Colleague: 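First the structure, which I've put down as structure tokens, then a few questions once you've had a look.
Residue indices begin at 1 and follow the sequence shown. Keep in mind that what you see is a predicted model, and the values were worked out from it rather than measured.
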Amino acid sequence: MSNIAPNATVAPKKYAQAPASPEELARAKKAESAPMPAIMRRPGYVLLDESPNQAAARKATQGRPIPDDFGMPSGTPIANKDTILPDLWNSFKRKAPACVYLFPKGQTNWAHAAVLYQHNGELICMNPVGRPKQPIANFMEAAEYLFGVRELDHHDEHYNLTPRPASEGGLWGNPEGGAYHRNFDMVVIWEWPQEKIDAMHAHYESINCAQAAKKTRFRVMASKVIDFIDRLRGRDSRASVNCAITVSSGLEVAGLLSKETRYPKKIAVELIRGIGRQDPDNLDIVSIGWVTHARRAHLSGSSSIAIPGVKQELGHYEHNSLVWTSPIPNLDTRMWNLASRAAAYVYVEGQVGRIVRGSRAYSRL
């Protein structure tokens, strides 16, 4: 069963906006002329000319202040949300890729895992979610996951999609806040047999079926050892999965990985060492920068969206690249900061997404 969110049938309710802090107002004012991130101000990287879509978005927003609800749930997204990804693929002179592994990064040495792939002629996202009454494999549009502001769709006890009442805020789409809340490294695989991608999608749907049958559960510290101890003590017989296990098990079904892993960064490393070295022209590293001037909606230290206006800690959104690959440190220093090896970088200038391009040789690790 597919649970890709349909178009909303009810008008989403706006969150009550608390006054912006002086720091937020200063960042928003500076954003219109903010330089590209330092990591991309190196020889070999070039800010591409605006595409027609980007130029139209800039013209539509030029001279207007950045909205107070920019990047907030049910707020204002980037002006070219639906066209920035096609522009990104066009910068490589390629069509939309077959599969993209998403490695969102946070403040700590832990991270998240999600995946984009072709399904029924469009690029969709499978984002693992560990919330009550939510399917583990949550499907949505790719652009919505990265740059959208809808909230997470609700499901009934049988994991059928049920519209969230307008009184509760309307339909959701992205529980983590996308690029408005964190950096993303992307391992782009341009071509792969569609039948294998379809098998991967069927595997993700089967995880939701197993969850509905009470055979699977989401647990961040998922491992077979912990599951064995739980079964031995009679606590719980369900098999545990986390975001990385969910994503990597599907990539294993598709033949992109040799085996699943519970470490998000290890997925990226194994794809680069596998597909990237077997067929270098079929893989590129792309990075999406955190939209630092967007309004924040996370509680400090929390992975869930909270009501705006709560005191925030800016450190929760600092860039972090040294995420655990496994319990054994990765000695290949080129893998430490994948953003520094990106062949393309997306950053948001004001309310418009822009593309910086470098040599594809940077992605050859």
Side-chain angles (χ1 to χ4, degrees), residues 3 99-117 125-140 145 152 155 159 174-178 181-187 200-231 233 235-254 256-271 298 301-305 316 320-330 338:
N3 60 342
C99 183
V100 180
Y101 172 60
L102 295 179
F103 174 51
K105 297 172 293 189
Q107 180 187 13
T108 67
N109 282 330
W110 301 100
H112 187 52
V115 62
L116 313 180
Y117 56 88
C125 175
M126 192 291 294
N127 177 48
V129 175
R131 291 188 176 187
K133 297 184 179 181
Q134 291 295 324
I136 292 173
N138 185 50
F139 302 95
M140 68 190 78
Y145 179 72
L152 186 65
H155 299 73
Y159 299 99
N174 184 357
E176 286 107 18
H181 292 277
R182 58 176 88 182
N183 305 80
F184 286 82
D185 289 336
M186 304 165 62
V187 180
M200 178 173 70
H201 179 75
H203 170 76
Y204 292 143
E205 290 189 317
S206 72
I207 292 177
N208 287 346
C209 293
Q211 180 188 16
K214 300 187 183 303
K215 296 180 179 179
T216 302
R217 63 176 169 180
F218 187 98
R219 186 158 60 179
V220 173
M221 297 298 294
S223 76
K224 294 181 180 179
V225 174
I226 297 177
D227 288 347
F228 174 77
I229 294 174
D230 280 352
R231 286 193 294 269
R233 294 182 175 181
R235 290 178 177 174
D236 200 321
S237 62
R238 292 177 293 175
S240 298
V241 297
N242 63 8
C243 59
I245 291 175
T246 302
V247 170
S248 61
S249 63
L251 295 173
E252 181 184 6
V253 168
L256 290 164
L257 286 180
S258 59
K259 61 180 180 180
E260 68 180 42
T261 176
R262 58 194 174 109
Y263 297 99
K265 189 168 186 178
K266 189 174 183 181
I267 300 174
V269 172
E270 293 302 317
L271 287 172
H298 284 239
S302 171
S303 61
S304 60
I305 285 180
H316 180 59
N320 178 52
S321 298
L322 301 179
V323 179
W324 291 117
T325 302
S326 68
I328 302 174
N330 182 8
L338 295 179

Colleague: Could you tell me if the ring centre of H201 sits under 6.0 Å from that of F139?
Modeller: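 Yes: the rings meet the under 6.0 Å criterion.
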Colleague: Heavy atoms only: give me the nearest F184-P104 pair and the separation to one decimal.
Modeller: CE2-CG, 3.4 Å
Colleague: Fit a plane to each ring of Y204 and Y117, take the angle between them on a 0 to 90° scale, and name the class: parallel (under 30°), tilted (30 to 60°) or perpendicular (over 60°).
Modeller: tilted
Colleague: Taking atom CD of E270 and atom OH of Y263, what is their separation to the nearest 0.5 Å?
Modeller: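 Between E270 CD and Y263 OH, I get 13.0 Å after rounding to 0.5 Å.
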Colleague: Restricting to pairs with a member in residues 238-254, which pass salt bridge (charged side-chain N to carboxylate O under 4.0 Å, His left out), not counting sequence neighbours?
Modeller: D236-R238
Colleague: Identify the two heavy atoms, one from A114 and one from P128, that lie closest to each other, and give their separation to 0.1 Å.
Modeller: CA-CD, 4.2 Å
Colleague: With rounding to the nearest 0.5 Å, note down the distance linking SG in C243 to CZ in R262.
Modeller: 12.0 Å
Colleague: Any donor-acceptor pair under 3.5 Å linking the side chain of S240 with the backbone of F218?
Modeller: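 Answer holds: no.
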Colleague: Residues in side-chain contact (heavy atoms from CB on, under 4.5 Å) with R231, at least two apart?
Modeller: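 For R231 the side-chain contact (heavy atoms from CB on, under 4.5 Å) partners, ignoring immediate neighbours, are D227, F228, S237.
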Colleague: To the nearest 0.5 Å, what is the distance between SG on C125 and CG on N138?
Modeller: 8.0 Å
Colleague: Of all residues at least two apart in sequence or in a different chain, which pass the side-chain contact (heavy atoms from CB on, under 4.5 Å) check with A210?
Modeller: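 With neighbours one apart ignored, the set is K215, T216.
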Colleague: For V269 and I267, what are the C-alpha separation, side-chain angles and deciding distance, and is it a side chain to side chain contact (heavy atoms under 4.5 Å, CB included)?
Modeller: CA-CA 6 Å; V269 172; I267 300 174; over 6 Å; no
Colleague: Checking side chain to side chain contact (heavy atoms under 4.5 Å, CB included) for the pair C99/M200: CA distance, chi angles, key distance, verdict?
Modeller: CA-CA 10 Å; C99 183; M200 178 173 70; 4.2 Å; yes
Colleague: Any idea which heavy atoms bring L271 and Y101 closest together, and the distance?
Modeller: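 Heavy atoms of L271 and Y101 come nearest at CD1-CB, 3.6 Å.
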Colleague: Who are the salt bridge (Lys or Arg N to Asp or Glu O under 4.0 Å) partners of R233, not counting sequence neighbours?
Modeller: none
Colleague: Is the shortest side-chain heavy-atom distance between I207 and S249 below 4.5 Å?
Modeller: yes
Colleague: Give the C-alpha distance, both sets of side-chain angles, the deciding distance and a yes or no for side chain to side chain contact (heavy atoms under 4.5 Å, CB included) between T246 and E260.
Modeller: CA-CA 8 Å; T246 302; E260 68 180 42; over 6 Å; no
Colleague: What I'd like to find out is whether the side chain of L102 reaches to under 4.5 Å of the side chain of L116, using heavy atoms alone.
Modeller: yes
Colleague: Quick one: does Q211's side chain get under 4.5 Å of P135's, heavy atoms only?
Modeller: yes
Colleague: Working to the nearest 0.5 Å, report the span between CG of L251 and CG of L256.
Modeller: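 One gets 5.5 Å once the value is rounded to the nearest 0.5 Å.
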Colleague: Using the test side-chain contact (heavy atoms from CB on, under 4.5 Å), find all partners of S206 that sit at least two apart in sequence or belong to another chain.
Modeller: H203
Colleague: Report the C-alpha separation of N242 and R219 in whole Å, then their side-chain angles, then the decisive distance to 0.1 Å, and conclude whether the side chain to side chain contact (heavy atoms under 4.5 Å, CB included) test is met.
Modeller: CA-CA 5 Å; N242 63 8; R219 186 158 60 179; over 6 Å; no
Colleague: Which pair of non-hydrogen atoms, one from I136 and one from N208, has the smallest distance, and what is that distance?
Modeller: N-OD1, 3.2 Å
